[in-house]
Structures are given as structure tokens and as C-alpha cells.
Amino acid sequence: MTNIVLQLSSDQQNSVKSSYASYQVERKAPGVVFAAKLSDVTITIYKSGKVMFQGGGAQREASKFGEVTVNTSVVSQTTTNQSIKTKGDTLPLNFAQRSVIGSDETGTGDYFGPITVAAVYVPSDKIQLIQELGVKDSKMLTDAKMVEMAPDIMASCTYSILTLRNEKYNEIQSKGYSQGKIKAMLHNKALKHVLDKIAPKKPEYILIDQFAERETYYKHIQNQKEIVRENVLFSTKAEQLHVSVAAASILARYAFLKEMDQLSEKAGVRLQKGASGIVDKMAAQIWLNKGEEFLHSISKWHFANTEKARVLVNKKK
Ligand code: MG
């Protein structure tokens, strides 16, 4: 299937809308502002201004509104894969072009805010589209850019996002769950969700951005009711190996940032990411203003920041 994405101005988007007004269809996906279906092409306009043409007639229709260039990023991604130094499983040939569910997490090193995990299914016929939406290694994207891109990914792919809020995190952490175990449980659950959503279809592979060796990962989740095992691969830097992991990493970040916005509002201060000395000072200030219980409810309480903040609080008392 051909996928073409054009970035259009609002005037150009309006002309797309009026051209296909009589073909308009209802699409309730997040981020979609207009959708139309012709016999051989569907047209989707996203909030971000990206307009997607999908199907055999994509090139014909897209070329009415913008310059259509042949995408070569697919080829370059495949060839650069060989030069990425990673740890983990050896991947099958042409892995970047396979149908894969990827998963990744974020928030694990941040004192404030949740841990979030996302899994995204990108079948081979959507890889080019996802690349054209701008999905790439999330370390090369700003938070603002990821927030802008997330709705486009959600509108075009099957995904699952899990947000483990601080109350729950602190509860299970204090029962002795390690971060590794917590992460493994969340990855397993997100992957299961996506598998359920796409069934009876199956991905060729599942790729987890590796945070633990395979053995450790499965030990962590050995007591779970359902354990995803089939065709599961692990690799570090996995977001560079398949766009599904890059997309998952963007959605996880998006969910983390959204939760941070809400927590910041409750705290009355823009919460600092990470776990630096600035975080200690901010935590102490929140402790003084809103009390220990409130701070507990927005932080990963077992981090060293808590004791550092306690010292600061006691000095000020
Ligand atoms: Mg990761």
C-alpha cells in the first residue's frame, strides 16, 4: 500500500476538505480533523497539519496538493542498522521492514511523576507512513515535538499506553517490587493489550527496548497470568532498530508529560524532570507548602531525593 504524507498550510487543508467534501467519512481517532474515502484512496487530515493519502490512488490525489517525492528513508534506515552498536538478540534480516510490536518506557529516573510504558504495532505496510510522520529515535526529538506527533501515531497505529501513577508505584515499591519488576510487568501488560487488539492478526516479532536480560525479564513476570513470549526479542537502542519502538517511546513520553502537567498544576509549580539537586529543593518547598503526604503522592518516594529534601525541610523549620 502506498502512503504519502504532506505537510499543508491551513488554506491548503481547506482546499483538500472542499475537494473531498462529498466523500467525507466519520473517523473518531484522536488527532484526526477530517477524513474522506474514495474508491482507491483514503485521505486523512491531522491536527498537526499533516495530510495522509493511503492506497493505490495516493500518488494521483496527493500530487494535486503538493510535491510528492519518492521516500528513500526506508532504504537508508535498513543500511544504517548494521552500524548501530547494540546489546541483545541478533535480529532477523531486514528487521526494520518487518511487522513488529515495539515497547518502551519512560519516567523511571524522574523523582516526580509516573512510569509510563507504551507498545505500538507497526505492520510492514505502515513503516513508511510512520517514518513520514517524523517518527525517529526519540533522543533526537524535543518533548514539544513528541507531544505534537503523538496524536498522529495514535490515529494511525494500534497501541497501548500504561501510566503507573505515583500512589500505586509507591505502594508496590514499598512491598518490595524492584523497578525492573515493575517495568517488566508493565511491558508485558502493554504488549498483551496490543496483541489482543490486533488479534487474530499477529506481528512477525515483538521488540522490547532492553532494560533487563531476557532471563531476568521473564523471572520478573513469572507469576503473571498471561505472559507474552512468542517471537519476543530484546535489544538495547531498539528505537533505532524498528520504528515501532521509536513510536512507543514517543507515546510513553507523551503520557509522562501529560501526567506531569496535571501534577504540576496540583503542586502549583512546574515540576522538574530528573532527580537532580534542583529536584531536592523543589521537593522540600512542596513538602513545606503542601505537606509530606502530598509530596508522597506525586513522587517516587524511595528515591534519595526524599531524604535530601527532608534535611532541607528540617533546616527551615
Ligand atoms: Mg527504553
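Both ligands and their constituent atoms are indexed starting at 1 by order of listing. We're numbering straight along the sequence, starting at 1.
Looking at Asp143 and Arg253, a side-chain N of the basic residue comes within less than 4.0 Å of a carboxylate O on the acidic one, giving a salt bridge. Salt-bridge check for Glu215 with Lys219: failed, with every basic side-chain N at 4.0 Å or more from each acidic carboxylate O. Using a cut-off of 4.0 Å between Lys/Arg side-chain N and Asp/Glu carboxylate O, Asp261 and Arg270 are scored as salt-bridged.
A cation-pi geometry, defined here as NZ or CZ lying under 6.0 Å from the six-membered ring centre and within 45° of its normal, holds between Lys181 and Tyr177.
A centroid separation of 6.0 Å or more is found between the aromatic rings of Tyr121 and His193.
Around the Mg ion (ligand 1), protein N, O or S atoms at less than 2.8 Å comprise Asp104 OD1, Asp209 OD2.
Between the side chain of Glu204 and the backbone N or O of Ser99, at least one donor-acceptor pair lies under 3.5 Å.
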